[in-house]
Every structure is written in structure tokens, then in C-alpha cells.
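For the numbers below, each heavy atom of this structure counts, side chains included, while hydrogens, waters and symmetry mates do not.
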Amino acid sequence: MNKYQLLREKFDKKEKIVGASMVIFNNTIILEKMAKRDDLDFILFDAEHGIFDAQNIVPALQVNRLLGVPSVVRAQDAEYYLVAKLVDMGADGIMIPRTETLEQIKTAIDGLHFSPVGRKGMGGHGQMRNGEKFDEFSKTRFLLPQIESPEGIKNLPLMLEKYGEYISAVIVGPYDMSVMVGTPCDIASQPMMDAIQQVFDICKKYGKSCGIFCDDEQKAKIYREMGANVLWMATDRDYFMRGYNAMLDGVKNI
């Protein structure tokens with residue numbers, strides 16, 4: 001079983017899934033080193049807040065494809081052309097920020113899947129993996145809507161009832177959510193913890209994988225205990241600064 005099939009199975013079985021992020025470093029050498037961990041399920045490339053777009057992301061997606069590691073790209077928005085273009089370039093999954101409506105989910109599905117499920121156009125150098133058949137395509141393409149507001153929480157049951165079979169996992173965006181619940185950047189406030197738990201509880205009711213962005217392993221442990229099975233870990237800047245500070249702290253008193 002390859003990593004794409006394994007990720008699909010983990011989503012379906014709601015097993016622990018771990019992802020890493022590339023946000024500010026568009027460097028294929030760093031990416032190659034990051035991707036070689038056996039316990040890493042996917043790498044997310046951030047085209048919403050990060051430096052990536054449909055053109056400069058191509059080498060990174062090619063490295064992931066060559067290494068057989070699933071890639072997820074956080075699109076700028078739920079727009080057909082943004083989603084479909086990233087899939088053309090080789091994205092295996094799409095994360096949609098600020099998801100609040102059925103229309104956003106349908107637009108993402110249209111860009112991610114061919115007819116009769118969606119309306120994606122046939123084309124793009126990275127659209128199909130080597131040897132992949134047309135009828136295999138949809139089995140290992142992943143949709144991860146981000147819930148980042150009370151409105152998103154309110155409409156999440158409707159999203160899962162209508163489009164649940166096409167949603168791989170629901171992901172909480174804690175920092176945007178903290179703004180929307182009135183405690184900006186305080187992701188541990190009571191309103192925030194209540195909002196996070198609501199999302200996880202809804203996903204549990206509908207038998208759907210759920211997860212959240214985790215600043216570090218301590219946060220991941222808390223969210224795992226709350227019910228998350230998708231742990232999307234930190235950013236490339238965080239990895240760099242942690243190693244940088246640890247090394248300099250280690251030599252400070254020599």
C-alpha cells in the first residue's frame with residue numbers, strides 16, 4: 001500500500017495522522033529532508049498565508065510526487081480556478097480556509113473532482129500520477145475544509161450531511177477562530193476551547209476525521225485528548241527557530 005492509499009485509509013478509519021508545513025521556505029532540499037520520515041502522512045504547502053502560488057509551488061509538488069508523499073495545499077479561497085489549478089500542478093489534497101457554506105464545499109469539490117462528482121477540466125502536467133488510471137483519481141484526492149468561525153460550526157452538520165463522502169477531514173483554524181469568537185490570538189480561552197470541542201464533537205457524531213493546527217507537541221497532545229486525529233504540526237519557520245535556538249543555547253556557556 002502506498003502513502004496515498006494509506007492516508008485515505010487513515011482518514012476513513014479516523015486514525016492518527018501527522019502533517020508538516022511549508023509556509024515561508026520554498027526550498028526543495030529542505031523539503032526532501034522533511035519528507036523522508038516514515039511517520040509523516042502529508043506535507044501542507046500554504047498558499048493562503050505563505051509564499052506559494054500555482055507557479056512557484058511546482059518544484060515542491062514534484063519532489064513530493066517523486067518521493068511518494070501526499071501533498072496538501074491550502075488554497076487562497078474556495079474558488080474553482082484556485083483549486084483546479086493546484087490539482088493540475090500536482091496537489092493531492094486541498095485545504096479550504098474560512099469554510100462556512102455549502103457553496104464553498106461544492107466549489108471545492110468541483111475543482112478537485114471530475115464529472116459526475118465535480119467539474120474539473122482534464123489537464124495539467126501534475127494532474128495524474130505515473131501509471132494512475134482515470135477511475136482511480138478520486139480515491140486518493142483529499143478535501144480538508146477549515147472551520148474558523150461560529151458560522152462555520154453552525155453549518156458544519158449540513159456540510160457533512162450533504163457532502164460528507166467527499167470531505168476527508170475537518171480542520172480547525174485556531175487563530176482565525178480565536179478572532180471570530182472574540183479572544184484574538186488567545187487560542188486557549190474558554191470560548192476557543194468550547195468552539196474546538198464543538199467541531200470535534202460534530203465530526204465524531206458524523207464519523208468524520210477531524211484535526212487542528214498545532215503550534216507544538218504539547219498542543220497536539222491536548223487536542224488529541226479532545227478528539228482530534230489529524231495533527232497538523234507547526235510551520236517551517238517554527239522548525240528552524242526551534243533548532244536554531246536550541247543549538248545556540250547549547251553553546252552559549254561553552
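The pair Glu217-Lys221 fails the salt-bridge criterion, with no side-chain N (NZ, NE, NH1 or NH2) lying under 4.0 Å from an Asp/Glu carboxylate O. Using a cutoff of 4.0 Å between basic side-chain nitrogens and carboxylate oxygens, Glu148 and Arg98 are not scored as salt-bridged. A salt bridge between Asp92 and Arg65 is present, with a side-chain N of the basic residue lying under 4.0 Å from a carboxylate O of the acidic one. Under the 4.0 Å criterion applied to side-chain N and carboxylate O atoms, Arg37 and Asp39 are assigned as salt-bridge partners. Between Lys120 and Asp88 there is a salt bridge, since a side-chain N of the basic residue sits under 4.0 Å from a carboxylate O of the acidic one. Between Lys139 and Glu136 no salt bridge is recorded (no basic side-chain N to carboxylate O distance below 4.0 Å).
Using modelled atom types and a 3.5 Å distance limit, the side chains of Asp194 and Gln198 yield no donor-acceptor pair. Using modelled atom types, one finds a donor on one side chain and an acceptor on the other under 3.5 Å when comparing Asn229 with Ser209. Side-chain contact of Gln104 with Thr101: a donor-acceptor pair under 3.5 Å is present, judged by distance alone. Between the side chains of Ser168 and Arg8, not a single donor N or O lies within less than 3.5 Å of an accepting N or O.
Side chain of Glu48 to backbone of Asp77: no donor-acceptor contact under 3.5 angstrom is found. A donor-acceptor pair under 3.5 Å links the side-chain atoms of Ser21 to the main chain of Ala234, judged by distance alone. At distances below 3.5 Å, at least one donor-acceptor pair connects side-chain atoms of Lys3 with backbone N or O atoms of Leu40. With hydrogens and angles ignored, the 3.5 Å screen pairs a side-chain donor or acceptor of Asn245 with a backbone N or O of Met241. Remark: side-chain polar atoms of Glu9 are not paired, donor with acceptor, to backbone N or O of Leu6 under 3.5 angstrom. The closest donor-acceptor contact from the side chain of Asn155 to the backbone of Gly152 lies at 3.5 Å or more, if one exists at all.
Partners of Asp110 according to the salt bridge (Lys or Arg N to Asp or Glu O under 4.0 Å) rule, which considers only residues two or more places apart in sequence or in another chain, are Lys106.
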Show the numbers, then the answer: is there a side chain to side chain donor-acceptor pair (under 3.5 Å) between Asp215 and Tyr175? CA-CA 11 Å; Asp215 290 291; Tyr175 286 96; 2.8 Å; yes

Please evaluate residues Ile202 and Leu160 with respect to the criterion side-chain contact (heavy atoms from CB on, under 4.5 Å), reporting the C-alpha separation (whole Å), side-chain torsions for both, the decisive distance (0.1 Å), and the verdict. CA-CA 9 Å; Ile202 291 169; Leu160 294 175; 4.0 Å; yes

Chi angles and distances behind the side chain to side chain donor-acceptor pair (under 3.5 Å) call for Thr107, Glu79: CA-CA 6 Å; Thr107 298; Glu79 296 287 350; over 6 Å; no

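By the 30° and 60° cut-offs, the orientation of the rings of Phe52 relative to Phe45 is perpendicular. A perpendicular orientation is assigned to the rings of Phe213 and Trp232, their planes being inclined by more than 60° (bins at 30° and 60°). Between Phe200 and Tyr223, the ring-plane angle classifies as perpendicular under the 30° and 60° cut-offs.
When the shell of 6.0 Å around CG of Leu248 is examined, it contains more than 12 heavy atoms from other residues, nucleotides or ligands. By the neighbour-count criterion of 12 heavy atoms within 6.0 Å, atom NZ of Lys10 is densely surrounded, having more than that number from other residues, nucleotides or ligands.
Transitive grouping of hydrophobic side chains (ILVMFWY, heavy atoms separated by less than 4.5 Å) keeps Leu66 and Val73 in distinct clusters. Neither Tyr81 nor Leu86 shares a network with the other; the hydrophobic side chains, linked directly or stepwise wherever heavy atoms of I, L, V, M, F, W or Y lie under 4.5 Å apart, form separate groups for each.
For the pair Leu31 and Ala60, the tightest heavy-atom approach, listed with the atom from each and the gap, is CD2-O, 3.3 Å. Nearest heavy-atom pair across Thr99 and Ile147 is O-CD1, 3.6 Å. Here the shortest heavy-atom pairing between Met192 and Ile187 reads CB-O, 3.6 Å. Residues Pro150 and Val181 approach most closely at CG-CG1, 4.1 Å, considering heavy atoms. Between Ala91 and Ser71, the shortest heavy-atom contact is CA-OG, 3.6 Å. Nearest heavy-atom pair across Ile196 and Ile212 is CD1-CD1, 3.7 Å.
Residue Met193 holds its CE atom at 10.5 Å from CG of Asp186, rounded to the nearest 0.5 Å. Taking CG from Leu44 and CE from Met22, the interatomic distance works out to 11.0 Å, rounded to the nearest 0.5 Å. For the atom pair NZ of Lys154 and CE of Met159, the computed distance is 10.0 Å after rounding to the nearest 0.5 Å. Here the CE atom belonging to Met34 is positioned 4.5 Å from the CD1 atom belonging to Ile43, to the nearest 0.5 angstrom. Note: Asp12 CG to Leu7 CG = 9.5 Å, rounded to the nearest 0.5 Å. Going from atom CE of Met247 over to atom CG of Asp249 covers 11.0 Å, rounded to the nearest 0.5 Å.
Ile153 has its side chain within reach of Met177: a pair of non-hydrogen atoms, C-beta onward, lies under 4.5 Å apart. Ile167 is listed as a side-chain neighbour of Pro145, based on a closest heavy-atom distance under 4.5 Å. Taking 4.5 Å as the limit, every side-chain heavy atom of Pro70 sits out of range of all side-chain heavy atoms of Asn64. The shortest side-chain heavy-atom distance between Gln146 and Arg74 falls under the 4.5 Å cut-off. In this structure the side chain of Leu102 reaches within 4.5 angstrom of the side chain of Lys162, judged on heavy atoms. Between Thr28 and Gln62 there is no side-chain heavy-atom pair separated by less than 4.5 Å. Contact of the Tyr166 side chain with the Ile105 side chain is not registered, since no non-hydrogen atoms from C-beta on lie closer than 4.5 Å. Side-chain atoms of Leu143 and Ile96, non-hydrogen and from C-beta on, do get closer than 4.5 Å to each other.
You'll find the ring centres of Tyr4 and Phe142 outside the 6.0 Å limit.
The list of salt bridge (charged side-chain N to carboxylate O under 4.0 Å, His left out) pairs with a residue in residues 195-211, not counting sequence neighbours, is empty.
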